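Only a predicted model underlies this, so the values are computations on that prediction, with no experimental measurement involved.
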Amino acid sequence: MKKLILSLLIAAFLVSGLSAKTAFVYFSATGNTEKMAKNAANAMGADIFEIQPAQKYTQADLNWNDKNSRTTIENTDPKSRPAIANNIDISDYDTIILCYPIWRANAPKIMYTFVESKNWKNKKIITLCTSGSSGLGNSGTNLAKSAKGAKFLGGNDFTRGSAADVKKFIEDLLK
């Protein structure tokens with residue numbers, strides 16, 4: 001009987017270790033990041049949440065050639081933290097995959113709004129981006145610095161990668 005109970009306890013412990021919950025949390029202004037995040041989350045069987053800005057971004061807001069556009073102003077202001085319309089509860093997740101576009105070699109400031117508003121203690125973070133030209137750069141490392149208590153596992157640009165590529169990358173980081 002003791003062996004049976006011990007076996008059941010060990011099995012429960014092993015199963016709980018294998019059932020770590022993963023969530024994809026993404027922000028997408030044009031749909032490119034949304035597509036990547038949804039495809040990857042689906043491939044991994046993970047939950048997915050969209051960061052919705054309180055004030056949606058228009059095409060004019062996204063014009064990086066205009067020094068007066070909203071994104072240019074936000075990007076150049078280190079204190080900018082655009083408001084988020086929805087609440088995303090990450091408390092039940094062990095690993096959070098942050099997905100975002102790259103704006104002028106940086107993560108959008110709304111990502112900092114999200115990261116700075118959460119409790120990251122004992123969580124793992126992976127960052128994935130989509131980019132027209134500049135790639136991930138230091139954006140993942142910079143976001144992770146704002147996620148106090150989290151362990152940053154790494155990041156990558158998956159602008160042209162498949163869901164299978166994303167899944168393999170994440171699974172390799174989680175080993």
Side-chain angles (χ1 to χ4, degrees), residues 21-42 44 46-159 163 166 170:
K21 288 184 70 178
T22 300
F24 281 72
V25 177
Y26 74 92
F27 166 71
S28 184
T30 64
N32 294 331
T33 304
E34 176 180 28
K35 181 179 177 185
M36 180 268 294
K38 284 183 174 180
N39 288 341
N42 186 48
M44 293 191 68
D47 293 336
I48 187 162
F49 302 95
E50 177 185 9
I51 297 171
Q52 299 170 355
Q55 179 185 352
K56 295 206 182 287
Y57 289 87
T58 67
Q59 286 295 52
D61 292 334
L62 299 172
N63 183 355
W64 60 272
N65 288 313
D66 179 358
K67 66 180 180 177
N68 295 312
S69 74
R70 180 174 163 202
T71 55
T72 301
I73 292 168
E74 286 176 4
N75 197 46
T76 56
D77 179 1
K79 295 180 182 178
S80 176
R81 298 296 182 267
I84 296 174
N86 58 324
N87 181 41
I88 299 169
D89 182 4
I90 61 168
S91 61
D92 290 338
Y93 297 92
D94 304 299
T95 303
I96 310 297
I97 317 296
L98 298 173
C99 306
Y100 51 90
I102 292 293
W103 289 353
R104 294 185 178 216
N106 297 301
K109 297 296 178 139
I110 198 164
M111 294 303 297
Y112 288 91
T113 305
F114 175 77
V115 168
E116 292 168 359
S117 71
K118 301 300 174 190
N119 178 356
W120 294 96
K121 186 175 179 170
N122 299 320
K123 297 196 182 300
K124 298 176 199 131
I125 294 178
I126 297 170
T127 58
L128 306 178
C129 77
T130 56
S131 172
S133 62
S134 55
L136 185 71
N138 292 325
S139 66
T141 305
N142 292 339
L143 276 173
K145 288 177 187 174
S146 295
K148 307 295 184 212
K151 180 178 181 184
F152 178 55
L153 300 181
N156 206 347
D157 179 346
F158 279 101
T159 304
V166 175
I170 292 169

When rounded to the nearest 0.5 angstrom, what distance separates [atom1] in [X] from [atom2] in [Y]?
{"X": "Ile170", "Y": "Thr22", "atom1": "CD1", "atom2": "OG1", "value": "8.0 Å"}
{"X": "Ile84", "Y": "Gln52", "atom1": "CD1", "atom2": "CD", "value": "10.0 Å"}
{"X": "Tyr112", "Y": "Leu143", "atom1": "OH", "atom2": "CG", "value": "4.5 Å"}
{"X": "Met36", "Y": "Ser28", "atom1": "CE", "atom2": "OG", "value": "8.5 Å"}
{"X": "Leu153", "Y": "Ile126", "atom1": "CG", "atom2": "CD1", "value": "5.0 Å"}
{"X": "Phe158", "Y": "Leu136", "atom1": "CZ", "atom2": "CG", "value": "10.0 Å"}

Where do [X] and [Y] come nearest, in terms of heavy atoms and distance?
{"X": "Asn119", "Y": "Ile90", "value": "O-CD1, 4.2 Å"}
{"X": "Thr127", "Y": "Ile125", "value": "CG2-CG2, 4.1 Å"}
{"X": "Pro101", "Y": "Pro108", "value": "O-CD, 3.0 Å"}
{"X": "Ser139", "Y": "Ala107", "value": "CB-N, 3.7 Å"}
{"X": "Pro82", "Y": "Ile110", "value": "CD-N, 3.7 Å"}
{"X": "Ile102", "Y": "Gly135", "value": "CG1-O, 3.4 Å"}

Would you find a donor on one side and an acceptor on the other, under 3.5 Å apart, between the side chain of [X] and the backbone of [Y]?
{"X": "Asn106", "Y": "Arg104", "result": "yes"}
{"X": "Asn75", "Y": "Thr71", "result": "no"}
{"X": "Thr76", "Y": "Thr72", "result": "yes"}
{"X": "Thr159", "Y": "Ser131", "result": "yes"}
{"X": "Asn42", "Y": "Lys38", "result": "no"}
{"X": "Asn63", "Y": "Ser69", "result": "no"}

Return each pair, listed once, that meets salt bridge (Lys or Arg N to Asp or Glu O under 4.0 Å) where at least one residue sits in residues 69-78; pairs must be two or more places apart or across chains.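 Of all non-adjacent pairs touching residues 69-78, those that pass salt bridge (Lys or Arg N to Asp or Glu O under 4.0 Å) are Asp61-Arg70, Arg70-Glu74.
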By the salt bridge (Lys or Arg N to Asp or Glu O under 4.0 Å) test, which pairs, at least two apart or in different chains, include something from residues 107-135?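 Those involving residues 107-135 are Arg81-Glu116.
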Between Leu128 and Tyr26, is a side chain to side chain contact (heavy atoms under 4.5 Å, CB included) present by the stated rule, with each step listed? CA-CA 9 Å; Leu128 306 178; Tyr26 74 92; over 6 Å; no
Return the set of residues passing side chain to side chain donor-acceptor pair (under 3.5 Å) with Asp89 (not counting sequence neighbours), or none when no residue passes. Ser91
According to the ring-ring contact (aromatic ring centres under 6.0 Å, His included) rule, which pairs have a member within residues 47-102, sequence neighbours left out?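 Passing the test, one end in residues 47-102: Phe27-Tyr57, Phe49-Tyr93, Tyr57-Trp103.
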In sequence, state the C-alpha distance, the side-chain angles, and the governing distance for Val25 and Ile51, and then conclude on side chain to side chain contact (heavy atoms under 4.5 Å, CB included). CA-CA 7 Å; Val25 177; Ile51 297 171; 3.6 Å; yes
Ignoring hydrogens and geometry beyond distance, is a side-chain donor-acceptor pair present between Thr33 and Thr130 at under 3.5 Å? yes
For Trp120, check ring-ring contact (aromatic ring centres under 6.0 Å, His included) against everything at least two apart and list the hits. none
Those residues at least two apart in sequence (or on a different chain) that pass salt bridge (Lys or Arg N to Asp or Glu O under 4.0 Å) with Glu50 are none
